[in-house]
Each structure stands twice: as C-alpha cells, then as structure tokens.
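In what follows, every heavy atom counts, from backbone to side chain, and hydrogens, waters and symmetry copies are set aside. Numbers restart at 1 for each chain; the letters A, B, ... are given by sequence-line order, proteins then strands.
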Number of protein chains: 4
Amino acid sequence: MNSPPRRGRPRSAERRRAVLDAAAELALTSAALPTMDAIASRAGVSRTTLYKWWPSTAAVLLEGLLERFHTSIEFDDDMPVRDALTAQVDALVHLLRDTPAGGLIRQLMAASISDAATSTALLDQWMEPRRQAALHHVARGVAAGELHAGTDPDLVVDALFAPAYHRLVWGHAPLDDDLAESVCALVWPAIAVPTSRPAADPAAPPAPDRGEHA
Amino acid sequence: MNSPPRRGRPRSAERRRAVLDAAAELALTSAALPTMDAIASRAGVSRTTLYKWWPSTAAVLLEGLLERFHTSIEFDDDMPVRDALTAQVDALVHLLRDTPAGGLIRQLMAASISDAATSTALLDQWMEPRRQAALHHVARGVAAGELHAGTDPDLVVDALFAPAYHRLVWGHAPLDDDLAESVCALVWPAIAVPTSRPAADPAAPPAPDRGEHA
Amino acid sequence: MNSPPRRGRPRSAERRRAVLDAAAELALTSAALPTMDAIASRAGVSRTTLYKWWPSTAAVLLEGLLERFHTSIEFDDDMPVRDALTAQVDALVHLLRDTPAGGLIRQLMAASISDAATSTALLDQWMEPRRQAALHHVARGVAAGELHAGTDPDLVVDALFAPAYHRLVWGHAPLDDDLAESVCALVWPAIAVPTSRPAADPAAPPAPDRGEHA
Amino acid sequence: MNSPPRRGRPRSAERRRAVLDAAAELALTSAALPTMDAIASRAGVSRTTLYKWWPSTAAVLLEGLLERFHTSIEFDDDMPVRDALTAQVDALVHLLRDTPAGGLIRQLMAASISDAATSTALLDQWMEPRRQAALHHVARGVAAGELHAGTDPDLVVDALFAPAYHRLVWGHAPLDDDLAESVCALVWPAIAVPTSRPAADPAAPPAPDRGEHA
DNA sequence: GTCTAAACGAGACGGTACGTCGTGTCTTCGG
DNA sequence: CCGAAGACACGACGTACCGTCTCGTTTAGAC
C-alpha cells in the first residue's frame, strides 16, 4: 500500500517553495509574466530544475496561486442562500483586491488567452470549483422554493461574478467594498420568489433582504 | 480649410491596409498575438515601416479593430430605455461571437494586461465609447422616471456588459443569442420604477429593495 | 570650349562646401567612417542631395581631402636630390601628424581595403601624384650620377614613404619630427654614389652619413 | 595541478573550428569583412553562440589568423644577424602573399582603424611578437659589434617591415620574391659596421651589397 | 517676364545587419 | 535520480544605415 521504494535523490521541497514564491513575487512586481530565467535566478534554482517540474511560468504561477488560496470556497449550507452567494462574491472581491491573488489572476488570464493548457488548468482548478459552489447554492435556493424555478443558474452565477473580474481586468472602476452586496441586490429581485408572509406591510418584506449585510 | 501643403512622399494607404488586414488574419488564425515579423512578411511590408507607424502588434490590431467596427455604438434616443440597452448588449454579443472582433478583443485584452499603453488605448477607444453610450441611456431612463433615482449607473452598465466579456474570455459558457435579453431581464426588476398599472398587487414592488443603497 | 548652355538650377557651391566640411569634422571626431545620415544632417543638407553627388562617405572624404591638400607635392628641381626627397617625406609626416589629413587618410585607407572604387580613387589621386614626384627626383638623381644606376626606384620610394604610413596605421611608434631625415639617412648609403672626395679613410665614409642625424 | 573540476557542458571544439574556418573563408572570398550572420550560417552555428565567444567578426578573424600562423616567428640566434632579419622579412612577405594571412591581415587592418579593441589586439598579438623578434636580432647585432651602436632599432625594424605591409595595403606594387632581400640590402649599408677585411678597394664595398639584388 | 529643367528638401519605403533576450534542449559533472 | 552549471539553436525583438523612391518647392538661366 505504501509508495514504491523510490530510488535516487528525492525532490527537494524547499526548492519547490522557493520557486513558487519567487514566481509570485516577480509576477506582482512587474506587469508582464515573469520569465523562466528570472524565476530560476530569483529562486536560486537552475533552469533545468524549473523545466523539469513545470512547463511554463503560468503553470508555476497557477500552482502557487492554488496552494495559497485553496480555501475560501466552502460555505455553510445553513446560511440563507442569498447570504451565502453574497459572501462568495464578497470573498472573491477581497481576494482580487486585497491579496496577491488579484495580480496573479490577471497574469494568468492573459496567459490563458493565448495558451490552451493554461486556459484549461485555470478554468478547471480556479474557476470551476468556485462556480460549482455558487451553483450549489443556487440549486439549493430553487429546491427550497426561495428562487424561481425557471432561473438559469449559469446566467445568475455569471451575473454575480463577472463584474468583479471585469473590473479587475479593465480597471475602469474600483472593486468597492460593497460591490458584492450591490451586485446581489441588483440580481435578487429578478430571481427571488416573493415570500408569501402575511403580506400585511407591503413595504416591509423586501427590506430584510439586504438590511443585515450592508 | 484644406490640408497643409504636405511635404515629402505621402504615406501609402495600400500598405496601411495590407498591414491591418494581415495582422487581423494572423490574430484570428493563431492563439497568440502575431509577431511583427509575421505581420510584415504577410503584408509584404518591411519591418521598418511597421515600427514606424505602430509601436506593437497590439496597436496594429487595435487600429484595425476600431476601423472595422467604429459603428455599432449609436442607438436611437426614441427607443424605450430597456430596448436600447438590450440592443446594445445584443450588438456586443453578436460582435464578439459572429465577427472577427471577438478574436481581436481577446488578444487585445491579453495584451492590455501586461502593457499599459495597450490598456489605455483599448479602454479609451473601445470600451469607453460603448460605456458612455450605455450610461447615456441609463441617465435618460432616470431622467424620465423609468429607473430608480438611486441607480448606480456604472454598476448597472457593468452588470449588463460584463457577462458577455466574461464568457468570451473564460469560454466556460456560450454567448447565446438570448444572452442580452436574459441579462437585461435579470437586472431590470431591480432598477425599473413600477409602471402605475392597475397596481392591484401590493406584493410586486421589488422596487423598495434597493432605492436606498445605490 | 565653354560649357554647354546649362539649363535649370545650378548646383549650389555652399552646400558642397558644407558637406565636405561636415564630413571632415565628423571623420575627425569619431573612429569610424561617418554615415551619410550624419553628414547630411550636420551639413544641413538633404540625404537626396548627398547621394546625388557622391556615392559614399569615402568619396566625400576623399574629395575634401584632395581639395584641402592639393598642394604639398611640388618641389624644386634645383634642390639636391636628397634634400628634395627628404623634404617630401617630411611634408608627408607633417601632413599626417599635424593636420586633419592624417585622420582622413586613416579612414580612407580602411575604406579602400573593402571598396575597390575607393581604393582606386585614393591610389590614383592621393598616392600616385606623390609617388610620381618622388620617382621624378630619384630619376633625376640617377641621371645626374648621384645615385647608382641599378637603383630600383619603386623600392626606394616605398622604403622612404612606407614607414610614415606604417606608423600612422599601426600607431606603435610616433611620427617623430626627424622621421623623414632618419629614414633618408638609413636608405642613402645604399643608393648614393660615393662622392670622390679625398677618400682618405676607407672606414669612415658610411659613418658620417648617419652619425649626425640619428 | 590539473584543471578545476569543470562544471556544465563543455564548449564544443568542433563549433569553434567551424566558426574560425567559416570566417576565414568568407573573409577571403569577399572584399569586406564578413557579417556575424554570414559566419554563423556558414559555420552552421547560431548567432548567439558567436556573440558569446567573440565580440566582433574581427575578433573571430584574428583568432583564426593567430592559430594558423602562430609559428613563423622564431629564428635561430646562430644565424648571422643580417640573414636572420632577411629571413624574417621574407617569411612575412611569403605569408602575406602566398597564404590566407595576407587577406586576413588586410581586413584586420581595416577593422583596427575604426575599432580600438581590434587595434590593440592586432598590435599586441600579431605585430608586437614579430617586432620583438626583429628587435632581438638587431640588439644582438649591436651587442656583437656588427651594427653601429647608435642604430635606432625601432626605425630599422619599421624600415624593414613597412614596405611589405605598405604594398599589401595599397597594392600599387607587387610583393616580389626578392623584396625581403632588396629591403635588407637597402638598409644594411647604413647600419652595418664595416668588416675590417683587407679593405683594399674603398669604392667596392657598397656595391656588392645591392648589386646583385636590384 | 515667363518658362523650364535641374537642384533641393522632406520623408516613406524595402532591405540587411546589428546585438540582445527569452525559450527549450542537451551535455557534463557532483550530491 | 535530483540538481547545478552552462553550451547551444532558434526566433523575435527594436534600432541603425543603407540606397531608392516619390512628392512638392525653389531657383537661375533660356527664351
């Protein structure tokens, strides 16, 4: 059951770390993707080693990115659906704006446009898990009768997340603190099933929808 | 009022055309940005001439893009606001999906991430005119009382356009024919002032939902 | 006998001067041959004009050189042969060392090595006139019985002039003030017919020839 | 005492050879200095490699030249001084006329005029060793009382060698078989201490010195 | 005085070579 | 077998001059 009796010198974990860190630092201090040369010399590692374990700088960057931010996806199923979705978008906004992830994602998006392998990897390992988590909450909402049955989950999820990426890439507007909340508020009326409570007060019901998240 | 008495050999319009066309063709048949070398030889033009008029391949691509699609922005002020916005988004979706513009925009977005000059140019000359046109319609709607006064125009415009770019870049979902309509429908309930129709149903007003947060 | 009835605008003498001067100045302030571009802009003349009148920078330089130093060749036939030859060599040494001619000749020699046209022009218009003048004096010496009849004039002339050019090009030793005199003294004993002086001391004759010039 | 434990891939000797040969061939079949491009493609070597080891085509040429003709300098101290010097000049004449060295030297002289690095290298590695060897023989002659004590060694050496280079560069006269002998004969009477032979005929001595070589 | 043909200025253009940078592969040695 | 060092081929970069070309604009002498 244990691994086969590995022969030869084992791979050095320190060097892997050094490479991932060096790549991230370089990516964040320059507009363009770092070069293999630069990563190698910054990490104090030979180019040979680099090419042995990663096919491109984008691959290095992606591995570092995923390792650092592998959490930040899961959310409680006990949360109200709207809160859960808002929290996810909000987490993304903070990630993109306040952590190195934003810079790395920018570079990786650029790389993925001209490189199919990067594109696939980035989609599968970064985007899809987050999309699936969001889709899960949407499905939960539909199942619970909180959301209209005809809701297009993909569209809703894109509508929620796209503005954040859009502003990250184009830079024409800031990633505000309340962006997540605002976007959810913008989408919610169209998908939420009106709660059939006493309905006594026509003005009240909608209010709770967002009063507590602002 | 005529042009100044041009000295020297005039610039060749044919060569300009050949370059713009060659660059576009190359960009559309390969994943990565074409090289200056490739554009020059494809266009039958010397590299020197290329560098004389354009600083980078992205600049060539952008000029060709703008020249081909300089229209497609203007919309009738007599249209209902919602129709006007939907038409704009729809025009973008068709441009990105059914014309070379989609491929060119992808490449240019990638380039703009690592090159500030391209970023500025693309934003100013492609994105801003379209954004302004959309903002104009939103303002018109607010002025006419069709949209809530507190509407955040930037957010609304981003919410309308971002999904299309998002799908173009990530490719995780198609640019459907009805994407524009769907996105507008998703956003509309949150921003539209309820028409004083029979007004029989007091539960309808999603409106109060957001009047105060914009 | 007069020139044909010239039509059109005549060539500008000022520009010709400006070009020749600019070329010489540039050649003297840089190790390498000046470029056509540099000459043109320095002279305030268009490149077109330059190419119209001269095929290369070497041609410009040569024309300027010849114009400036077209004299400095002729010497008196009444001078003693040895003095005449010494004076010629001395004139060359001063030209190469104390005037711009040295720098120009260096550049032109370099150019002539890789360009046949320059080579021919330089040989015909610079070297040959000087060689012929020297050969004339040698022939005069032979005719007057001052020099041995078997003297090889070409060899003697080369022996006299070569050291100066050699030092100019290689720069391993200076062009001394007394170089001309020293070289002549070195060659003279071998070619001079001994004057039938008292001839008392058979060992002495060669010594005085160079004792006083060394 | 052995070499340090060489790390990395060792330099390829074949490529070095290929480059040196290609450069020499190109230099000999064209008037101008070969280009780095041409050398690289002729040698089947990448331009990068070329630039890694040599800063210019002149450097390549010089290295090839020195390697091929690194001998041809040393001469026997047992030889009579005059014979030794004549042999040296003769060796140079043959080198310049009958081997590729002549062509290479021409190109290198041209290059050295406009490039200080080439100039220094050519002087130090080609000219100086030969000059020193000649100076050695002259010093030997002075020490042995064969040459006048006041002889200027630099001048004598230049007088001996300059004519050969002069004719190589200017091409106005051929490098004859007997050039070395003729030049030595021309210089000898001025520097040789008369051998105290019978000294019977005071008029004869100079004559034999050159009578037979003219 | 025109007329006119050459000289001239400005600058676009196709080329060739430059020297550099980054890539990815290969070769050799040491841990 | 891992890793370091470094040679190497390749492709693109952006620049410098080259020599040619195509315009428009002088300008002095011929008519």
Side-chain angles (χ1 to χ4, degrees), chain A residues 6-12 14-15 32-41 44-53 55-57, chain B residues 4-16 32-41 43-53 55-57, chain C residues 5-16 32-41 44-53 55-57, chain D residues 4-16 32-41 44-53 55-57:
Chain A
R6 288 287 183 186
R7 307 250 311 187
R9 179 171 170 177
R11 178 172 178 187
S12 161
E14 294 93 55
R15 291 173 219 267
L33 271 181
T35 69
M36 286 296 224
D37 277 333
I39 296 175
S41 74
V45 149
S46 80
R47 288 217 337 261
T48 320
T49 304
L50 224 52
Y51 281 110
K52 174 154 209 159
W53 300 107
S56 66
T57 62
Chain B
R6 291 283 179 198
R7 309 259 303 195
R9 177 172 171 174
R11 178 172 179 187
S12 160
E14 294 94 57
R15 292 170 218 264
R16 197 185 87 99
L33 271 180
T35 68
M36 285 298 224
D37 278 333
I39 295 175
S41 73
V45 150
S46 80
R47 254 152 26 91
T48 318
T49 301
L50 223 51
Y51 281 110
K52 169 153 208 161
W53 300 107
S56 66
T57 61
Chain C
R6 287 285 182 189
R7 306 256 308 189
R9 179 174 172 178
R11 178 171 179 190
S12 160
E14 293 94 55
R15 292 172 219 267
R16 196 184 88 98
L33 272 181
T35 69
M36 285 297 224
D37 277 332
I39 296 175
S41 75
V45 150
S46 80
R47 287 212 341 245
T48 318
T49 304
L50 223 52
Y51 280 110
K52 172 154 210 161
W53 300 107
S56 67
T57 63
Chain D
R6 291 283 180 195
R7 309 260 304 195
R9 177 172 172 176
R11 178 172 178 188
S12 161
E14 295 94 59
R15 292 170 218 264
R16 198 185 87 99
L33 270 182
T35 69
M36 285 296 223
D37 278 333
I39 296 175
S41 74
V45 150
S46 81
R47 289 221 326 276
T48 318
T49 302
L50 225 50
Y51 281 110
K52 169 154 207 161
W53 299 108
S56 65
T57 61

Checklist line | Test side chain to side chain donor-acceptor pair (under 3.5 Å) applied to A:Ser56 - qualifying residues, sequence neighbours left out | finding: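 Testing A:Ser56 for side chain to side chain donor-acceptor pair (under 3.5 Å), a comparison that skips the adjacent residues, returns none.
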
Note to self: Tell me whether the side-chain N/O atoms of C:Trp53 come closer than 4.0 Å to OP1 or OP2 in E:dC8.
What the structure shows: yes

Note to self: Just N and O in the side chain of C:Lys52: are any of them under 4.0 Å from OP1 or OP2 of E:dC8?
What the structure shows: no

Atom-pair distance ([atom1] on [X]; [atom2] on [N]), nearest Å:
X       : N      : atom1 : atom2 : result
B:Met36 : F:dT15 : CE    : C1'   : 13 Å
C:Ile39 : E:dG9  : CD1   : C1'   : 18 Å
D:Tyr51 : E:dG19 : OH    : P     : 4 Å
B:Arg7  : F:dT25 : CZ    : C1'   : 6 Å

Please tabulate, one pair per line, each protein N/O and nucleotide N/O from nucleotides 9-11 of chain F that are separated by under 3.5 Å, including the distance.
unit_1	atom_1	unit_2	atom_2	d
F:dA9	OP1	D:Arg15	NH1	2.8
F:dA9	OP2	D:Ser46	N	2.8
F:dA9	OP2	D:Ser46	OG	3.1
F:dA9	OP2	D:Thr49	OG1	2.7
F:dC10	N4	D:Thr48	OG1	2.5

Who passes side-chain contact (heavy atoms from CB on, under 4.5 Å) against [X], sequence neighbours left out?
X       : value
B:Ser46 : B:Thr48, B:Thr49
A:Ser41 : none
B:Arg16 : B:Arg11, B:Leu20, B:Trp54, B:Glu63, B:Glu67

Notebook entry, point to check: Residues in salt bridge (Lys or Arg N to Asp or Glu O under 4.0 Å) with D:Arg15, at least two apart?
Noted result: none

Checklist line | Residue whose nearest DNA chain E nucleotide is more 5′ - A:Pro55 or C:Ser12 | finding: C:Ser12

Note to self: Both C:Arg9 and D:Thr57 contact DNA chain E. Which one's nearest nucleotide lies toward the 5' end?
What the structure shows: C:Arg9

Checklist line | Separation between CG of D:Asp37 and CG of D:Leu50, rounded to the nearest 0.5 Å | finding: 9.0 Å

Check: If each of D:Pro10 and B:Pro10 is mapped to the nucleotide of DNA chain F with the nearest heavy atom, which maps nearer the 5' terminus, i.e. the 5' end?
Finding: D:Pro10

